[in-house]
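What follows is a single structure, written as structure tokens, with notes after it.
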Amino acid sequence: MNSYESIFSRLFSEYGPQSWWPADTAFEIMVGAILTQNTAWLNVERALANLKSAQLLCAEALLNTTAEELAPLLKPSGYFNVKAQRLLAFVEWYCAEGQYPTLKSIKTLELRKRLLSVKGVGPETADDILLYAFNRKVFVIDAYTRRIFSRLGHVEITTSYEVLRACFERHLAKQDVALFNEYHALIVKHGKDVCKTRPDCSCCCLDSCCPKQGVKEN
DNA sequence: ACCCAGGGTCATA
DNA sequence: TATGACCATGGG
């Protein structure tokens with residue numbers, strides 16, 4: 001068992017199954033993936049609740065919306081003007097592609113390429129959507145992942161998204177969607193619950209994955 | 001008052 | 001290719 005695998009098993013025994021992504025529908029996952037860009041999930045939930053109350057959490061309804069009426073509903077999740085436009089750009093693409101029934105039969109690599117062509121969808125958002133809405137075997141890299149694994153000495157902090165993703169996908173023997181799903185969720189759980197509240201890392205299940213006090217790491 | 005969050009785009013060098 | 005500015009709210 002290599003270090004990538006042992007870190008997973010330590011996280012899993014510490015926190016247990018996370019059952020991601022928290023959402024009622026695949027479309028809600030995609031909307032959430034855009035709204036959570038550089039934003040705390042609690043604030044995303046408020047924006048999603050606003051959309052749900054306005055009956056706007058489906059593609060057909062969103063398509064008949066403007067950025068002007070969308071922005072106020074997205075306010076709690078921050079960057080509301082930007083995200084209103086990103087959401088519209090995504091929904092226009094999504095409907096033009098024939099929505100889920102058509103998209104689900106496209107090969108993963110091709111689907112990823114098309115997602116990345118949408119303005120406002122970058123590598124992490126695309127991979128969130130691929131893994132959690134389409135159940136594709138891609139490993140999602142986020143800021144927590146890069147920080148934790150560079151602190152543990154496995155990668156440089158400057159390692160690019162694609163290189164880091166390839167690194168994870170290569171080091172996991174069990175090439176399994178459920179594993180990739182759980183691993184990313186556990187990393188986020190660990191990042192939220194431990195690395196912030198216990199900066200000395202003294203009770204951290206990963207041993208010094210947190211910054212030493214007083215030491216900066218850009 | 002400060003730092004950061006489940007990023008991405010665009011302009012500059 | 002690689003930084004920097006910008007987007008903006010809410011919690012700790």
Side-chain angles (χ1 to χ4, degrees), chain A residues 8 11 15 17-23 26 28-51 67-68 70-93 112-134 138-151 156-165 168 180-200 209-218:
Chain A
F8 171 79
L11 289 172
Y15 303 111
Q18 300 298 303
S19 18
W20 265 28
W21 181 295
E28 182 177 342
I29 294 175
M30 307 186 214
V31 173
I34 292 172
L35 295 185
T36 199
Q37 290 170 354
N38 200 37
T39 299
W41 181 251
L42 178 61
N43 291 337
V44 177
E45 288 182 315
R46 295 175 172 134
L48 286 172
N50 288 343
L51 291 176
E68 289 69 33
L70 220 44
L73 302 174
L74 304 183
K75 200 163 186 179
S77 68
Y79 307 129
F80 48 83
N81 288 316
V82 173
K83 284 174 178 174
Q85 301 194 48
R86 289 183 183 176
L87 213 46
L88 286 176
F90 175 78
V91 172
E92 282 165 19
W93 168 84
R112 186 171 201 270
K113 201 166 101 183
R114 295 198 197 179
L115 282 164
L116 289 173
S117 75
V118 180
K119 191 166 297 183
V121 176
E124 184 180 341
T125 306
D127 290 343
D128 277 336
I129 292 173
L130 286 167
L131 177 60
Y132 291 105
F134 287 94
V138 294
F139 202 97
V140 177
I141 303 299
D142 66 343
Y144 289 131
T145 314
R146 184 175 283 103
R147 271 199 298 263
I148 291 173
F149 280 78
S150 74
R151 284 169 191 165
E156 298 295 321
I157 189 69
T158 52
T159 307
S160 75
Y161 185 97
E162 294 303 331
V163 170
L164 203 45
R165 183 168 73 92
F168 272 84
F180 286 20
N181 177 322
E182 201 61 56
Y183 205 158
H184 173 64
L186 284 166
I187 287 172
V188 173
K189 171 77 172 171
H190 180 73
K192 285 204 281 206
D193 288 7
V194 177
C195 286
K196 285 195 67 174
T197 55
R198 298 172 187 168
D200 65 346
C209 73
C210 303
K212 305 294 182 229
Q213 291 181 338
V215 177
K216 288 206 168 64
E217 51 174 331
N218 16 344

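Keep in mind that this is a model prediction, so the values were computed, not measured. Within every chain, numbering begins at 1; the chains are lettered A, B, ... in the order of the sequence lines, protein sequences first and strands thereafter.
Note: CG (A:Leu73) to C1' (C:dT9) measures 15 Å, nearest angstrom. Protein atom CD of A:Glu45 is 14 Å distant from nucleotide atom P of C:dG10, rounded to whole Å. Rounded to whole Å, the distance from CG on A:Leu35 to P on B:dA5 is 18 Å. Here B:dA5 presents its P atom at 21 Å from CD1 of A:Ile34, a figure rounded to the nearest Å. The distance between atom NZ of A:Lys192 and atom P of B:dG6, rounded to the nearest whole Å, is 5 Å. When rounded to the nearest whole Å, the span between NZ of A:Lys83 and P of C:dG10 equals 12 Å. Atom pair A:Phe90:CZ and B:dG8:C1' shows a separation of 15 Å (rounding to whole Å applied). Separating the CG atom of A:Asp127 from the P atom of B:dG7 is a distance of 13 Å, rounded to the nearest angstrom.
Heavy atoms of A:Val82 sit under 4.0 angstrom from primed sugar atoms or phosphate atoms, though from no base atom. Contacts of A:Asn81 with the nucleic acid, taken as non-hydrogen atoms under 4.0 Å apart, involve only primed sugar atoms and P, OP1 or OP2. Counting non-hydrogen atoms under 4.0 angstrom, A:Ser77 reaches nothing in the nucleic acid. Residue-level contact check: A:Val44 touches neither bases nor backbone, having no heavy atom under 4.0 Å from any strand. Within 4.0 Å (heavy atoms only), A:Asn43 reaches at least one base atom of the nucleic acid.
Closest to the A:Asn38 side chain, of the nucleotides B:dG6, C:dA8, B:dG8, is C:dA8. In this structure, the nucleotide among B:dG8, C:dG10, B:dG6 sitting nearest to the side chain of A:Pro76 is C:dG10. Relative to the side chain of A:Lys119, the nucleotides B:dT9, C:dA8, B:dG8 differ in distance, and B:dT9 lies closest. When distances run from any side-chain atom of A:Leu42 to the nucleotides C:dA8, C:dG11, B:dG6, the shortest one goes to C:dG11. For A:Trp20, taking side-chain heavy atoms from C-beta onward, the closest of the listed nucleotides C:dT9, B:dG6, B:dG8 is B:dG6. Side-chain atoms of A:Glu124 lie closest to B:dG6 of the nucleotides B:dG6, C:dT9, B:dA5.
A:Thr125 and A:Asp128 share no donor-acceptor pair across their side chains, judged by distance under 3.5 Å alone. Side-chain polar atoms of A:Tyr15 and A:His190 form a donor-acceptor pair below 3.5 angstrom.
At the phosphate of B:dG8, OP1 or OP2 sits under 4.0 Å from a side-chain N or O atom of A:Thr125. The side chain of A:Arg46 places no N or O atom within less than 4.0 Å of a non-bridging phosphate oxygen (OP1 or OP2) of C:dA8. A close approach under 4.0 Å does not occur between any side-chain nitrogen or oxygen of A:Arg146 and OP1 or OP2 of B:dG6.
A distance cut-off of 5.5 Å between ring centres, combined with a plane angle under 30°, places A:Trp41 in a stacking arrangement with the base of B:dG6.
Rounding to the nearest 0.5 Å places OH of A:Tyr132 at 12.0 Å from CG of A:Leu130.
Going from the P atom of C:dT3 to that of B:dG6 covers 25 Å, rounded to whole Å. The separation of B:dG8 from C:dG10, taken at their P atoms, amounts to 22 Å, rounded to a whole angstrom.
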Using a 3.5 Å limit on both pairing distances, list the dot-bracket string of DNA chain B from the 5' end; Watson-Crick and G-U wobble pairs count, crossing pairs take [ ], interstrand pairs take |. .||||.|||||||
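A:Ile187 and A:Ile148 make their closest contact through CG2-CD1, 4.2 Å (heavy atoms, listed as atom of the first residue, atom of the second, distance). Here the closest heavy-atom approach between residue A:Leu74 and residue A:Lys83 is recorded as CD1-C, 3.8 Å. Minimum heavy-atom separation, A:Arg147 to A:Ser150: O-OG, 3.1 Å.
Although no hydrogens or angles enter the test, the distance criterion places no donor-acceptor pair under 3.5 Å between the side chain of A:Thr159 and the main chain of A:Leu164.
Under the ring pair (Phe, Tyr, Trp, His ring centres under 6.0 Å) test applied with A:His184, the options A:Trp20, A:Phe139, A:Phe8 reduce to a single match, A:Trp20.
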Determine, step by step, whether A:Phe180 and A:Val140 satisfy the side-chain contact (heavy atoms from CB on, under 4.5 Å) criterion, reporting the C-alpha distance in whole Å, the side-chain angles of both residues, the deciding distance to 0.1 Å, and the verdict. CA-CA 8 Å; A:Phe180 286 20; A:Val140 177; over 6 Å; no
